[in-house]
Amino acid sequence: MKMPLPSWRHTASHAAADAWKSDTAQGSFERLWRVFMNARIAIAVVLVAMQQALHALGTTLNPWTLAGCIAYFCATLAVRFWAHPRPPSSSFDSLWLLTIGVDVMAFSLLNFFQSSPLNYTPLFALPVLLASVLGPILLAFGTAASVALLLLADVFWSSVHGREEVNAQLLQAALSGSGFFLMALLANQLALRLVREEKLTQESQAAARLQIQVNELVVATLVEGVLVMDAVGFVRSANPTARRFLAAQENSYPVPFKLASQPAWQPLAALMQRTFTQQSAQESHISLVHPRLNAKRLQARSRLVDSRDGAHESLCVIFLDDLREIEARVRIEKLAAMGRMSAAVAHEIRNPLAAISQANALLEEELRDAAQRQLTGMIGQNARRLAKIVDEVLNISRAQQQIPPPQATMLQLDEAVQQIANEWARQNAVVRQLGIHVDTGNTQVCFDNDHLRRLMLNLLDNALRYATDTPQAVEVSTQLLEPGQARLAVWSDGQPLEETVEIHLFEPFFSSESRSSGLGLYICRELCERYGAQIGYQRVLRRDIPGNEFFVMFQPASQRIVTDLSSVDTILV
C-alpha cells in the first residue's frame, strides 16, 4: 500500500519547526527573539506616549484605551526580562500565546475602542512577522487568519452600529488580511532561507577550520622546512623543521620576525627578494653559516602565492631540505641498485668459482713442491674468501624458503652466548683475548639459535679485527635490564670510530677496510629487525678502558609478536 504524500504545508511546517534545533540556529533564534521583544517594548512605549499626546491636545479618549496601552507595556516588559526564548512547535504554546496572542488582542482592542481618527491596523504586522520569522508556516498563517477575522469582526460591529462607509471598511479589511497572509508567507520563506544559509556558512567555516588544522598538522610534521614570508621580509609562518634549520643552537624566534635580522639568513633573504622581483619560482643551494657553528647546507625552493583578486598581498613560500639527507637518500638508492647488480654478478660468479676451487684442489693433490703447494694454498684461501662474499650477497638478496616456526625461535640467552663465544674463541685461537660475562639467568629471548650464531660471529670477527693483543681485549656480556628485557653486548678495546664511519655503520657495502665486503653489520641489523630486536653502537668504558661496544636489545618474550615473515623483502639465512 502506498502512503499518501504529505502536503507542502505540512512538510514546510515541520521543516520550520526543526530549523531552529541546531546549535547554530539556536543562537540566531535567541538574537531575533530579543530584537522582536525590544520592538514590542518600543511600540508599547510609543502607544502610551501617543495616548498622552492626544489627551494633551484635547482629544477625547476612551479610558480603556490608555489602560490597555499601559497593560500591554507591562506585558512586554515581563516577557522580555522573565521569559526564556525557545523555538516554537507547530502548535500554539504558552510562550507564543504570551507574545503573539497578547499583541493581537491588544491591537484589536485599540482598534475596537478607538475614539480618534488613528488607524491601528498596521500594528498587526508585528505579531504576523514574529510568527513568520520565528515560527512555522502554520503559526504564521494562523496569526494572519486571526488578524483578518478580527478586522472583519470590527467591520461587522461597525455595520451593526450603523456607521457609514461599511463597504469601504470591508474592502480595506479584506485587503489588509490578504496582505498579512502574503507577508506571513514571504517572511517565513525568507527566514527559512536565512537559517539554511547560516547553517551552511557555519558548516563551511567548521570544515575550513578543520582543514586549516589538518594543513597545520601536515606542515608541522613535514621533514621539509617551510617558511612563509611577505614582500617586506617578515616571516609569517615557520614549521618546526624550518625553525631547526634557522636556529643557532637553542635560540627560538617567535613569528613574525625579520628575515634580514640575522647575517646567517641573508642567502634566504636574497632568494626571497629574487622571487618577488622576477615573479617566478626560484631554486638554489644555500649555506647558513652561524658563528662558531658548522654551516648548514640547504636546498631552497621558493614559490610565489598571488591573490587572485588582487585584494591581498602576495606571499613567498620557501621549502628547505637538508642537502646531507638528500645526498644520503641518493646514496641509499645507489647502494640498493648496486646490491641488485651485485646479486646478479655473484650468482654468475658462483659456478666458475666452484670450478676454480675444484680444479685447484685436484692440482694440489698432484703437486709435491712446497713453493707450488704454497701457491695453490693462496689460490684456495682467496677462492674461499670470494665464495664467502658471494654467499653473503646472495643471502641478502634471496628469500629463505623455510622460515622457523614461532615456537622454535625461543632460546636461553646465556647458554647460547657462552657456547657460541667459546666455539669462536677456540676456532680463532683467541681464548686468552676473550672475556665472557653472562648475567641473565634463565631468561629466554625471541631469536633463532643459528641466526644468533651468525649475529655473534659477525660482531666477534669485527671486534677482533680492531682489538689489541691484551687479555680480555674482546668481551661478550649479557645483562637483564628489566624482567624479560635482555641485552647482549660485544666490546673491544679498539680505537674510536671516525664520525663518517659511524654514520654508515649498518649500511650495506660500506667498510673502512678494502678487504671487507661491508655486509657483516648490515646482516646483523637485518637479523635483529626480523625478531624485533634493536642493534646499536656506542663508545663506553670497561675496566676503565675505553672501547667500542655493539649491543643488541632483545624483544621481551612476554611481548613477542608473531609476524608474517614471508612479507619481509630481505630475508637472511
Side-chain angles (χ1 to χ4, degrees), residues 9 13 36-37 39-51 54-55 59-76 78-79 88-188:
R9 290 185 179 180
S13 175
F36 275 106
M37 295 305 104
R40 295 176 71 233
I41 295 174
I43 290 177
V45 171
V46 170
L47 288 176
V48 173
M50 187 179 297
Q51 299 302 319
L54 290 174
H55 179 70
T59 304
T60 303
L61 298 177
N62 190 326
W64 290 103
T65 303
L66 180 60
C69 291
I70 295 175
Y72 178 66
F73 174 71
C74 295
T76 57
V79 173
S89 60
S90 57
S91 61
F92 290 93
D93 57 14
S94 59
L95 178 62
W96 294 101
L97 286 175
L98 292 175
T99 54
I100 298 174
V102 169
D103 288 348
V104 172
M105 293 305 299
F107 300 152
S108 298
L109 291 175
L110 287 174
N111 202 46
F112 180 77
F113 289 113
Q114 65 175 333
S115 57
S116 63
L118 294 177
N119 186 3
Y120 294 98
T121 301
L123 295 178
F124 287 107
L126 178 62
V128 173
L129 285 175
L130 177 61
S132 302
V133 174
L134 300 182
I137 190 65
L138 288 180
L139 184 62
F141 281 168
T143 304
S146 64
V147 171
L149 291 175
L150 288 173
L151 292 176
L152 292 174
D154 182 64
V155 174
F156 176 75
W157 181 261
S158 299
S159 65
V160 171
H161 287 74
R163 296 180 183 177
E164 299 178 355
E165 299 181 357
V166 173
N167 293 333
Q169 291 182 2
L170 184 63
L171 291 176
Q172 182 66 35
L175 182 61
S176 299
S178 301
F180 287 137
F181 271 101
L182 182 60
M183 180 190 300
L185 177 62
L186 293 178
N188 184 263

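Only heavy atoms go into these numbers, but all of them, side chains included; no hydrogens, no water, no symmetry mates. The structure displayed is predicted, hence computed values, not measured ones.
- Closest non-hydrogen pair, Ile137 versus Ala184, comes out as CD1-O, 4.3 Å.
- Counting heavy atoms from C-beta on, the side chains of Phe180 and Ser176 come closer than 4.5 Å.
- Side-chain contact between Phe141 and Leu185 is present, with heavy atoms from C-beta onward closer than 4.5 Å.
- Listed by first and then second residue, the salt bridge (charged side-chain N to carboxylate O under 4.0 Å, His left out) pairs involving residues 95-104 are Arg40-Asp103 (not counting sequence neighbours).
- Across all their heavy atoms, Ala131 and Thr143 have their closest contact at CB-OG1, 3.4 Å.
- When all heavy atoms of Phe73 and Ala44 are compared, the pair lying nearest together is CA-CB, 3.6 Å.
- Considering only heavy atoms from C-beta on, Val79 stays 4.5 Å or farther from Val102 through its side chain.
- One finds the CD1 atom of Ile43 at 4.5 Å from the CG atom of Leu126 (value rounded to the nearest 0.5 Å).
- Leu129 meets the side-chain contact (heavy atoms from CB on, under 4.5 Å) test with Phe36, Met183, Ala187; sequence neighbours excluded.
- Residues satisfying the ring pair (Phe, Tyr, Trp, His ring centres under 6.0 Å) test with Tyr72, not counting sequence neighbours, are Phe107.
- In terms of heavy atoms, Ser132 sits closest to Asn188 at O-ND2, 3.0 Å.
- Contact annotation: the side chain of Leu171 never approaches that of Leu175 to less than 4.5 Å [non-hydrogen atoms, C-beta and beyond].
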